[in-house]
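Just so it is clear, the structure is predicted and the values come from calculations on it, not from any experiment. Read the numbers this way: they start at 1 and go in the same order the structure lists the ligands and their atoms. Numbers here simply count residues along the sequence, with the first being 1.
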Amino acid sequence: MRWSSYFIPTLREVPADAEVISHKLLLRAGMVRQLSAGLYSYLPTAQRSVLRIAAIIREEMEAVGAQEFFLTALNPAELWQESGRWALMGPNMFRLKDRKGAEMCLGMTHEEVMTDIARRELRSYKQLPQVWYQIQTKFRDEARPKSGLLRVRQFTMKDAYSFDVDQAGLDQSFEAQRKAYCRIFSRCGLDFEIVDADSGAMGGSASNEFMVYTDAGEDLVVSCPKCHYAANLEKATARIAPIDDGAEVAQIEKFPTPGVRTIDDLVNFPGGASADRQIKTLVFIAVAAKGNDAQNRPLLALLRGDHSVNEAKLSNAAARLVNKDGWELVNLRAAHPEEIHDLLGAHPGSLGAVGVKGPLVIVEESLRGRQNMTTGANEDDHHLRGVAVDRDIEPAAWADLRNVVEGETCPKCDGALHVAKALEVGHIFKLGTKYSVAMGASVLNADGKETPVIMGCYGIGVERILAAAIERNHDEAGIIFPISIAPFQVILSPLNMKDEEVRNLAEQLYNSLRASGIEVLFDDRDERAGVKLNDADLVGFPFQIRIGPKKLKEGLVEFYDRATRQSGDIAADSAIEVTLARVQAAYRQLNERFV
Ligand SMILES: [Zn+2]
C-alpha cells in the first residue's frame with residue numbers, strides 16, 4: 001500500500017473526550033472513529049489489525065479441531081425464552097419486533113442457537129465431541145458505554161461451544177480451549193493472567209478468565225505473588241486475622257446514638273465501637289420470577305463494619321436461597337429508603353438484624369462466632385451493643401460476601417494478596433447441562449440411554465485484544481504494535497521524495513519487500529521527514545526503513561526498531577535481508593512466549 005492513496009487520518013491533538021490511552025491513540029493514529037456512544041467505525045489500519053487477530057484465532061481454533069460456523073445476529077425470542085435468558089438479560093439485550101409483530105433480539109452470545117442446532121442434528125455419542133465456533137458481531141445495550149473500545153454496544157467476538165457425552169469429555173474440550181487461548185494471546189503479544197472467575201448469568205460450574213493487567217481495565221484481579229493463586233474479585237477469597245472480642249459474653253444493651261449515620265460515625269462516637277467490631281446491615285430486594293409471577297423478597301446482608309459487599313457474591317448467595325420450587329432470582333437491587341423504613345422501622349444508619357423475622361438474612365462468614373458486637377437497633381438514633389452473632393441473629397444462610405482487599409493473606413499460602421485492575425480479553429466456561437436440559441439437546445450414550453449433552457462455551461473479544469495490546473504497548477510517541485497484529489509489519493519511508501535516487505531505491509525496495517511476503521506500507525507522501533517519522537511512530541509500525549539522500553550517497557539506509565526506538569545504518573543492498581531476518585526474529589520471540 002502507498003500512504004499517498006491510503007486513508008490514515010492521523011490527528012495532532014489528543015481528542016478531548018477520550019479517557020483511556022488505547023482510545024486516545026486509536027483516534028490519533030487514524031484507526032477508529034466514533035459514530036455514537038459505544039459505536040465505532042473501524043478505518044483501514046484498524047481493520048487490518050482486527051483481521052490479523054481473527055486469523056490467529058482461526059488458526060488456533062482449527063488446530064484444536066474447532067469448526068467454523070456463521071450464525072445470525074438476529075435471533076427469535078422463543079429460543080431465549082426456552083433457555084430462560086429472555087428475562088435474565090434484562091435491559092442489556094437489544095430487542096425488536098419484526099413487521100408481523102414477532103419478538104426478536106440481537107444476540108449477545110449464541111448458546112441458544114448452537115444448542116438448537118445440536119438438538120436437531122446430534123443423535124448419538126458417536127458424533128461427539130463437537131466443537132463449533134464463529135467470529136461474529138455481538139450486541140449489548142450498555143448502560144454507560146465508555147472507554148473507547150473497552151465498553152461498547154457492538155463488538156466482534158469469537159465464541160466457541162463444545163458438546164460432549166460426559167464430564168471427562170468436557171474436561172478435555174475445556175483444556176484444549178484453555179491451551180488454545182494461551183497460544184492466541186501469546187501470539188498477539190499479550191501478557192495475561194488466567195484467573196478463577198464467577199460464572200454469573202452464563203450458568204455452569206467452572207470458569208476461567210484471561211485478564212490483561214492495565215489501569216484501563218474495569219475488573220479487579222486478586223493474585224498471590226508467592227503461589228500464583230489468581231481470581232477475580234467476584235471469586236477471590238482471603239484469610240483474615242482473628243479479632244479479639246473479649247472473653248466475657250455480654251448481654252444486649254440498647255443505647256442512644258444521636259446523629260450516628262455511618263460506620264465511621266459510630267467509631268468516633270463516645271462508647272461506640274471500632275469498625276471491625278460493628279455489624280453492617282445492608283438491605284436489598286431480590287426480584288424472583290416463576291413463569292409470569294414475580295415477587296419482591298427483602299434481603300439483609302450482614303458484614304463486618306470495615307468490609308465491603310461484593311454484589312456478585314451476594315447475588316450468588318441470594319440465588320441459592322431463592323432458586324427453588326420453580327422460582328428464579330432475576331435481579332437483586334438495593335432497597336429504596338421507604339422500603340427500608342417499611343421493613344425495619346428505621347432509616348439507614350440505625351439498621352440491624354437482631355430479632356428480625358421475615359426478610360432473608362445472609363451473614364458474612366467472617367462474622368461467625370463473633371460476640372460483643374455493635375449494630376443498629378432498628379430504631380432511629382439507637383444502636384445495640386453486646387450482640388453475639390450466633391446467639392442473637394437467625395441467618396437464612398452464611399456466605400462469603402465480601403471484597404478481598406490488598407495485603408490480606410492468600411487462601412492457599414501465607415503470601416500477601418495483591419489487587420490490581422485488569423481487562424478481560426477471554427472467558428471460558430464449563431456450562432454442563434444448563435442449556436441442553438432447558439432446551440432438550442440429548443444424544444444416545446454407549447448404553448443406548450438418552451442423555452443430555454454436556455456443554456462448554458469459550459469467548460474472546462476480538463477488538464479487546466487490539467485495545468489491550470495498545471494499553472500495554474505504547475509510549476509518548478504512540479502505539480508500539482506487536483508484529484503479529486500490526487496493520488503493517490514494516491513502513492518504508494523515503495525522507496525526501498524530491499530526490500530521484502531516494503525515490504528510485506524506495507520503489508525498488510517496496511517491490512522487493514512485497515515480493516518477499518512482507519506487509520509493507522510505502523510512505524510515498526510528499527511530506528517533511530519530521531512528519532513522516534512522527535506519523536510512523538504514532539501508528540506504531542514495528543520496523544521502519546528510512547532512506548535519506550545523504551546516507552544513500554554512502555550506500556546506506558537506516559533501519560529503525562519502534563519498540564526500542566533504536567536505529568542503525570545498514571547497507572542499502574542488504575535492506576531486504578535485514579528486514580526479513582528482523583521480522584522473523586520478532587515472530588519467533590512471540591511464539592517462544594508460550595511453551
Ligand atoms: Zn499464595
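Other residues, nucleotides and ligands contribute only 12 or fewer heavy atoms inside 6.0 Å of the CD atom of Gln589.
Counting only distances under 2.8 Å, and ignoring water, the protein N, O or S atoms around the Zn ion (ligand 1) are Cys224 SG, Cys227 SG, Cys410 SG, Cys413 SG.
Taking all atoms of both residues into account, the shortest heavy-atom contact from Arg178 to Ile194 is NH1-CD1, 3.4 Å.
You'll find the ring centres of Tyr181 and Tyr458 outside the 6.0 Å limit.
Pairs of residues two or more places apart, or lying in two chains, that qualify as salt bridge (charged side-chain N to carboxylate O under 4.0 Å, His left out) and include a residue from residues 396-409 are Lys313-Asp400, Arg402-Glu408.
Under the 3.5 Å distance criterion, with hydrogens and angles disregarded, no donor-acceptor pair is assigned to the side chains of Asn445 and Thr451.
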**OP:** Begin with the C-alpha distance, continue with both residues' side-chain angles, and end with the deciding distance and a verdict on side chain to side chain contact (heavy atoms under 4.5 Å, CB included) for Met114 and Asp159.
**Re:** CA-CA 10 Å; Met114 285 293 195; Asp159 45 328; 6.0 Å; no
